[in-house]
> 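Have a look at the structure that comes next, please.
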Protein chains: 2
Amino acid sequence: MKADATLTDDKATGATSGKKPPKKRDAQATQKRILAAAKREFARNGLGGARVDVITEKANVNKRMIYHYFGSKDQLFKRILEEAWTDIRTAEQKLELDHLPPKAALEKLVRFTWQYYLKNPEFINLVNSENLHRGAHIKKSETIEALSTRFMAMVGDILRRGEADGSFRANIDPVQLNITIAAIGYYYLTNRYTGSIIYKRELMDEKALDERLSFNIETIMRLVAAD
Amino acid sequence: MKADATLTDDKATGATSGKKPPKKRDAQATQKRILAAAKREFARNGLGGARVDVITEKANVNKRMIYHYFGSKDQLFKRILEEAWTDIRTAEQKLELDHLPPKAALEKLVRFTWQYYLKNPEFINLVNSENLHRGAHIKKSETIEALSTRFMAMVGDILRRGEADGSFRANIDPVQLNITIAAIGYYYLTNRYTGSIIYKRELMDEKALDERLSFNIETIMRLVAAD
DNA sequence: CTTAATTCACTAAGTAGTTAGTTTCATAAC
DNA sequence: GTTATGAAACTAACTACTTAGTGAATTAAG
């Protein structure tokens, strides 16, 4: 009789022969499952709307584990934010824009930013939620501070090279430029629901997305172009 | 003895002489107070984070009144959204951009959009919250549908006139343009908390705000300029 | 045997929404 | 001009359920 075995086949824990299928312990895997579930839940519903019990369920862990590993809902949220920014900044570094001529580098950055938002829709929602909470969680984060410095240096370098070789006009503020690059992609995507209604247009089909990317590249190229 | 009079001086209800200071009834005023408090609370905390009890308290009404006049938290939220869009679209119409030459009209629109967001910070948060909820509330709203049509006609008209008199290049999509105008202001403001940290710069002092507006005007003017 | 992973049963404080009324007021009948 | 009446404005107390977070025991692993 292995009737009770069916009660414990929660996951891919291929229940073995014995009476007691011993539950594997794996702290790292548990934490990963919590983080994955939390990212999803926080992105879907925001910090305030997210439910710890839902994270518990989706991560297939006992609720106590969340508090054991992460302390509180807010600390878990902070951790999720740090991981999200680490991911995007790491991906940006991998572009190796230093090796490209300025115009090509800038276009690649615009393209990348857009595609990253598209492929990682949680990112936008997490950032929105953190801003609703006035940056309370990342204010104290050293992780994020460090990531940002390196990134802005890269953008500044592209501008300097472009100015030097005459492809860009002079004195463009890298902070303003980067905010603009982010803005024209981010806003389109984060406001796609109200946007579809206001503009009476499907904003998320393939053609619309391609058109937006082209428009954004045009916007940025015209913005930096030498006269 | 008018000792009990002090108990009922909630508001500017200048308690008169008699024993029973009769509580003024004013359905319209009550609804206005609820709407004002709700707008604030929804904007501060999002739909999910907003608390009906807080609205009750700030509006100085009995909780039952909210359900009496608005039915539910969600219906109240929908109403707030409709009023918010009515406000911005009404203000835009008052600009009378049709009477200005195309370049001036467009610059005025960019300026207005930026200043409206600045002066009405709730607007951005309400829109964000509605998008987090996938546009569920305004999807069914006829009010918002009607407002949008008229507005987009105005933007389209500016572009047509500019193309005709040679100040703008041809074939600019008014939807893409308008999304961009909104984006470059909206993103800067909604993400100001995380932005201040990432860019290590004060984004909200007067000088920074002026600089951003100038940069945005430059961005849009270069985007539409005839070659 | 000791340490860490995991579970179970629980709590205290919210949470949107409701039940069952009382109070005010305009209108019309006396 | 005073008083019945019906409707709408307003109130207090409550309900059924959720919520983040815990105390203490149990079980696996080195």
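Proteins come first, then strands; the chains are lettered A, B, ... in the order of their sequence lines, and each starts at number 1.
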> Please pick, from C:dA16, D:dG21, D:dT11, the nucleotide with the shortest atom-to-atom distance to any side-chain atom of A:Lys63.
D:dG21
> Closer than 4.0 Å, any side-chain N/O of A:Arg51 to the OP1 or OP2 of D:dT18?
no
> Measure CD1/A:Ile34 against C1'/C:dT7 and give the value in whole Å, please.
14 Å
> With a 4.5 Å heavy-atom cut-off, do B:Ile55 and B:Phe42 have their side chains touching?
yes
> Can any side-chain N or O of A:Asn125 pair as donor or acceptor with the backbone N or O of A:Arg44 at less than 3.5 Å?
no
> Give the nucleotide from the list D:dA12, D:dA20, C:dT7 with an atom nearest to the side chain of A:Asn62.
C:dT7
> Whole-Å distance between D:dT18 C1' and B:Asp53 CG?
14 Å
> Check the distance between C:dT24's P and B:Gln28's CD and give it to me in whole angstrom.
21 Å
> Kindly point out which of C:dA16, C:dC8, D:dA20 is positioned nearest to the side chain of A:Tyr67?
D:dA20
> For B:Ala29, report the nucleic acid contact type (base, sugar-phosphate, nothing); a contact means any heavy atom under 4.0 Å.
nothing
> Please confirm whether the shortest side-chain N or O distance from B:Thr30 to OP1 or OP2 of D:dA9 is below 4.0 Å.
no
> Counting heavy atoms from C-beta on, name the nucleotide in D:dT11, C:dT7, D:dA9 closest to the side chain of B:Tyr69.
D:dA9
> Evaluate whether atom CZ of B:Arg40 has more than 12 neighbouring non-hydrogen atoms of other residues, nucleotides or ligands under 6.0 angstrom away.
no
> From D:dA12, D:dA9, D:dA20, pick the nucleotide closest to the side chain of B:Ala27?
D:dA9
> Below 4.0 angstrom, N of the basic side chain to O of the carboxylate: do A:Glu145 and B:Lys200 qualify?
yes
> When the distance from CG of A:Leu76 to P of D:dG21 is rounded to whole Å, what number comes out?
10 Å
> In dot-bracket notation, what is the pairing pattern of DNA chain C, taking Watson-Crick (N1-N3 plus N6-O4 or O6-N4) and G-U wobble (N1-O2 and O6-N3) contacts under 3.5 Å, with [ ] crossing and | for other strands?
||||||||||||||||||||||||||||||
> Taking the inter-plane angle between the rings of B:Tyr116 and B:Phe112 on a 0 to 90° scale, is it parallel (under 30°), tilted (30 to 60°) or perpendicular (over 60°)?
tilted
> Below 6.0 angstrom between ring centroids: does that apply to A:Tyr187 and B:Tyr187?
no
> Starting at atom CG of A:Asp74, determine the distance to atom C1' of D:dT19, rounded to an integer number of angstrom.
14 Å
> B:Lys73 has a side chain; which of C:dA20, D:dG21, C:dA16 sits nearest to it?
C:dA16
> If you only use heavy atoms from C-beta on, which nucleotide in D:dT22, D:dA20, D:dA9 is closest to the side chain of B:His68?
D:dA9
> Quick check: do A:Thr190 and A:Tyr117 have side-chain heavy atoms less than 4.5 Å from each other?
no
